[in-house]
Amino acid sequence: MAAPTRPYGSWPSPIDAALAAALDGRPEYVGTVGPEVWWTEPRPREAGRRTLVRRRLVDGEAEFTELPAPWNVRSRVTEYGGQPWAGVERPAGGPLLVFVHFADQRLYAYEPDAPGEAAPRPLTPLSGTGGGLRWADPVLRGGEVWCVLEEFTGPAPTDVRRVLAAVPLDGSAAEDRSAVRELTDDRHRFTTGPRLSPDGRHAAWLVWDHPRMPWDGTELKLAEITADATLTGVRTVLGGPEESVAQVDWTAGGTLLAVSDRGGWWNPYRVDPETGGAVNLCPREEEFGGPLWKPGLRWLAPLPDGATRAAGAGGGLLAVLHGQGSPVLGILDADSGDLVDAAGPWTAWQPTLAVHGTRVYGVAASPRSAYEVVELDTATGHARVIGAQGVDPVDPAYYPEPQSRTFVGPDNRQIHTHVYPPHHPACRAPADELPPYVVWAHGGPTDHVPPVLDLHIAYFTSRGIGVAEVNYGGSTGYGRAYRERLRGQWGVVDVEDCAAVARALAAEGTADPARLAIRGASAGGWTAAASLAATDLYACAAIIYPVLDLLGFAEETHDLESRYVESLAGPPQTLAVLCRERSPVARADRITAPFVLLQGLDDAVCPPAQAERFLAALRGRPVPHAYVAFPGEGHGFRRADTMIRALEAELSLYAQAFGIARTDVPHLPLEP
């Protein structure tokens, strides 16, 4: 039987907003505690909390347990958080873990195998959500937790200091801030947690300072650990203002490793602690690292000596994430430089790796599977899914098939893009109709998007609306020169690249030129709003917890990004002029296309004050729009009910702007 003919955008779909919301998010922060594997996992239906999942073998069978509600394992250091937990295997008594609880930002100790119903016990003082003390990137050392301490000293977002600190495991600091030992001073604005050498004699960590972001320039610090557990002889051994060191680690034999972009690409290096000499272990025009948005991200993990011998290698083996665009997992022989990729369907891996024996653990996805926890046995080469794998909620025939393409933009520059055409197994459109398309601008903007299964994309493509995700100039994954293309050009290059992709799709007959839209969140929201002010190319836009005002963003955002606009746009003395030239708030009079603005009212990164100023600038102008605000949501929606309402509002906007008849979503009123 021939598939029914229906106009693009009107196709029925089993992928509704509730399903997309229920499966939103991905596992993160994989780690091993002895032979057990642990990771954090989202629970959108439980007000967006993140649980801690434990996988262990019992009588040869995998057993899964999780930290129950209300525990929410998530740090707020620099607002984006970072590694929120660590654990060790004890000879008796089972694992000992420490984790950050989101609600109060305290560190807790957790003994899952303790007799009775032993609840986690606090290790740090109560300071309240939104200020006081925060913790991240912990490591257990003896009777202490060494980690990042972030302490707010005043009411402004930039009234903050960060140091390395040692928290006693006996709970003596739970009521006494003075029991926390500070291991470093606060001369550096930002720091990652320490990485301890196998012999316990040295600590290494990364630091950077305003106005740099960590992908601009970081320094690798090295110090000796004294007999009384203090740090001495702190010195810089790698990095600087023009060199980004994304990760530091140690091999089991005590070799210092780092991931640096000193050659224009993040590559792995062996570092001489005395001279600072660095040897590139795999010189390739590929990225073995990425933007250090959060402390604790891991693109490289040394295998222990026993695993090296089991694998039949003569030198050290490193698990690495590498590639152009989307990273894949490989095993690198640090002596020979040989690199062998893991077999399997996964096309993108997240920057979290853990090892135990011959086994490597990570989080990966593909165009046919969402992010899941994967185990690679380096002795056999076999890889398999071990966690966070759900049964396909709908027939995979409804999933879109991404096409990774490179378009040509202004000045003949390349624009890397993933195109998701409309796709439905049982519907087709009239032969003379072209599909509507939505250009997605990712956040960051120093970040990238991989071609993997995303039910938020499938929500639209299965209804007959195409999506094009653009890794515009400034994105990571393509070397330092590509990501620095946005330097001083935010609101120009990103806008031009997205428009170039949209025009190319229309010119080649892939998309309907009269039914193009743009959509973005965070920095992508800036690009979407700036695009409406810069061009009449788009019929509408979805603008989600956006940056809308360069000056306001610099003054109102959190500390990490408070100087970000200096590299993205320009120095403070020119910011007022650039704000008038590029900010959607200042160019609101140029906007004529309808839009929906979705905003979390607890957003500390892009505060709702910017959205309110933007709407005030539009007051009295005949621009159809809707403002949907979500109490209790911050930067990045995490609650299922929020995501449902947001997706349905977005679809209603497209239906109205594209002239699509749909009765299966609530109508979004658009007001001038």
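Keep in mind the model is a prediction, meaning the values are calculated, not measured. Keep in mind that the numbers below use all heavy atoms, side chains included, and drop hydrogens, waters and symmetry copies.
- Judged by distance alone, the side chains of Gln656 and Ser652 do bring a donor and an acceptor atom under 3.5 Å apart.
- Comment: Asp589 does not engage Arg621 in a salt bridge, judged by the lack of any side-chain N to carboxylate O separation of less than 4.0 angstrom.
- Residues Met643 and Pro44 meet the side-chain proximity criterion, which asks for heavy atoms closer than 4.5 Å.
- Looking at Thr78, its side chain never comes within 3.5 Å of a backbone N or O of Leu560 through a donor-acceptor pair.
- Side-chain atoms of His625 come within 3.5 Å of backbone atoms of Val623 as a donor-acceptor pair (strictly under, hydrogens ignored).
- Of the N and O atoms on the side chains of Thr352 and Gln350, not one donor lies less than 3.5 Å from an acceptor on the other residue.
- The aromatic rings of Trp11 and Tyr8 sit tilted, their planes meeting at an angle between 30° and 60°.
- Residues Leu647 and His456 share a closest heavy-atom pair of CD1-ND1, 3.7 Å.
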Evaluation steps, side-chain contact (heavy atoms from CB on, under 4.5 Å), between Val547 and Trp490 | CA-CA 11 Å; Val547 178; Trp490 195 33; 3.9 Å; yes
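- Of the possible donor and acceptor atoms, one in the side chain of Ser462 sits under 3.5 Å from a partner among the backbone N and O of Ala458.
- Ring centroid separation for the pair Tyr472 and His442 comes in under the 6.0 Å cut-off.
- Side-chain N or O atoms of His418 include none that pairs as donor or acceptor with a backbone N or O of Arg405 at under 3.5 Å.
- For the pair Val363/Pro27, a side-chain contact is recorded, criterion being any heavy-atom separation below 4.5 Å from C-beta on.
- Taking the side chain as every heavy atom from C-beta outward, His635 and Asp603 approach each other to under 4.5 Å.
- Seen from the ring of Trp440, Arg519 counts as a face-on cation partner, given the 6.0 Å and 45° thresholds.
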Would you check, one step at a time, whether the test side-chain contact (heavy atoms from CB on, under 4.5 Å) holds for Glu633 with Arg639?
-> CA-CA 8 Å; Glu633 287 283 11; Arg639 299 177 178 180; 3.2 Å; yes
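- Using modelled atom types, one side-chain atom of Ser366 and one backbone atom of Arg368 make a donor-acceptor pair closer than 3.5 Å.
- When ring centroids are compared, His424 and Tyr398 come within the 6.0 Å threshold.
- Ion pairing between a basic and an acidic side chain is recognised when a charged N comes within 4.0 Å of a carboxylate O; Arg645 and Glu648 show no such pairing.
- Each of Phe553, Trp526, Trp215 was checked for a ring-ring contact (aromatic ring centres under 6.0 Å, His included) with Tyr564, and the lone residue meeting it is Trp215.
- Under 4.0 Å is where a charged nitrogen must lie from a carboxylate oxygen, and between Glu372 and Arg26 no such pair does.
- Here the side chain of Glu469 pairs no donor or acceptor atom with the backbone of Ile457 at under 3.5 angstrom.
- Residue Arg45 places its CZ atom among 12 or fewer non-hydrogen atoms of other residues, nucleotides or ligands, all under 6.0 Å distant.
- Between Asp261 and Arg483 there is a salt bridge, since a side-chain N of the basic residue sits under 4.0 Å from a carboxylate O of the acidic one.
- The aromatic ring centres of Tyr80 and Trp293 sit less than 6.0 Å apart.
- Although no hydrogens or angles enter the test, the distance criterion places a donor-acceptor pair under 3.5 Å between the side chain of Gln610 and the main chain of Leu548.
- Residues Phe460 and Tyr420 keep their aromatic ring centres 6.0 Å or farther apart.
- No side-chain donor-acceptor contact under 3.5 Å links Asp497 to the backbone of Asp494.
- In this structure, Leu597 and Ala611 approach most closely via the heavy-atom pair CD2-CB, 3.7 Å.
- Going from atom CD of Gln324 over to atom CD of Glu287 covers 8.0 Å, rounded to the nearest 0.5 Å.
- When ring centroids are compared, Tyr482 and His416 come within the 6.0 Å threshold.
- Within the 4.5 Å cutoff, side-chain heavy atoms of Val438 are placed close to those of Tyr654.
- Considering only heavy atoms from C-beta on, Val439 comes within 4.5 Å of Val470 through its side chain.
- For the pair Asp216 and Arg487, the salt-bridge criterion is met [side-chain N within less than 4.0 Å of a carboxylate O].
- Listed for the Arg587 side chain is a donor-acceptor partner under 3.5 Å among the backbone atoms of Ala533.
- Summarising the geometry of Lys294 relative to Gly81, their closest heavy-atom pair is CB-O, 3.5 Å, with the distance given to 0.1 Å.
- For the atom pair Leu653 CG and Cys540 SG, the distance stands at 4.0 Å (nearest 0.5 Å).
- Under a 4.0 Å N-O distance rule, the pair Arg613/Glu556 qualifies as a salt bridge.
- Atom CD1 in Ile543 sits 9.0 Å away from atom CG in Leu598 (nearest 0.5 Å).
- Closest approach of Pro410 and Glu496 over heavy atoms only: CG-OE1, 3.9 Å.
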Take Thr592 and Asp536 through the side-chain contact (heavy atoms from CB on, under 4.5 Å) test and state the conclusion after the steps.
-> CA-CA 8 Å; Thr592 58; Asp536 60 1; 5.6 Å; no
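- Here CD1 of Ile518 is found 4.0 Å from OH of Tyr538. Values are rounded to the nearest 0.5 Å.
- A distance of 12.0 Å separates CD1 in Ile544 from SG in Cys606, rounded to the nearest 0.5 Å.
- Between atom CZ of residue Phe637 and atom CD1 of residue Ile644 there is a gap of 13.5 Å, rounded to the nearest 0.5 Å.
- Ion pairing between a basic and an acidic side chain is recognised when a charged N comes within 4.0 Å of a carboxylate O; Arg515 and Glu433 show such pairing.
- The minimum heavy-atom distance linking Leu575 with Gly570 is given by the pair CD1-O, 4.0 Å.
- No side-chain heavy atom of Asp411 sits under 4.5 Å from any side-chain heavy atom of Arg485.
- Residues Gln403 and Pro451 are not in side-chain contact: their nearest non-hydrogen atoms beyond the backbone lie 4.5 Å or more apart.
- Taking both residues in full, the closest heavy atoms of Leu532 and Ala541 are given as CD1-CB, 3.6 Å, listed atom of the first, atom of the second, then distance.
- We find that Asp664 and Arg662 are joined by a salt bridge, their nearest charged nitrogen and carboxylate oxygen being less than 4.0 Å apart.
- If you check the side chains of Trp266 and Glu286, you find no donor sitting under 3.5 Å from an acceptor.
- Looking only at side-chain heavy atoms (C-beta outward), Thr347 and Val452 come within less than 4.5 Å of each other.
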Tell me, with the steps shown, if Phe595 and Phe614 meet ring pair (Phe, Tyr, Trp, His ring centres under 6.0 Å).
-> CA-CA 12 Å; Phe595 65 87; Phe614 178 62; 5.5 Å; yes
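- Between Asn267 and His322, the side chains place no donor N or O within less than 3.5 Å of an acceptor N or O (distance only, hydrogens not considered).
- At a threshold of 4.0 Å, the pair Asp24-Arg638 does not count as salt-bridged, since none of the basic side-chain nitrogens sits closer than that to a carboxylate oxygen.
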Show your working on side-chain contact (heavy atoms from CB on, under 4.5 Å) between Ser562 and His210 and close with a plain yes or no.
-> CA-CA 9 Å; Ser562 61; His210 282 325; 3.4 Å; yes
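- With hydrogens and angles ignored, the 3.5 Å screen pairs a side-chain donor or acceptor of Ser531 with a backbone N or O of Thr527.
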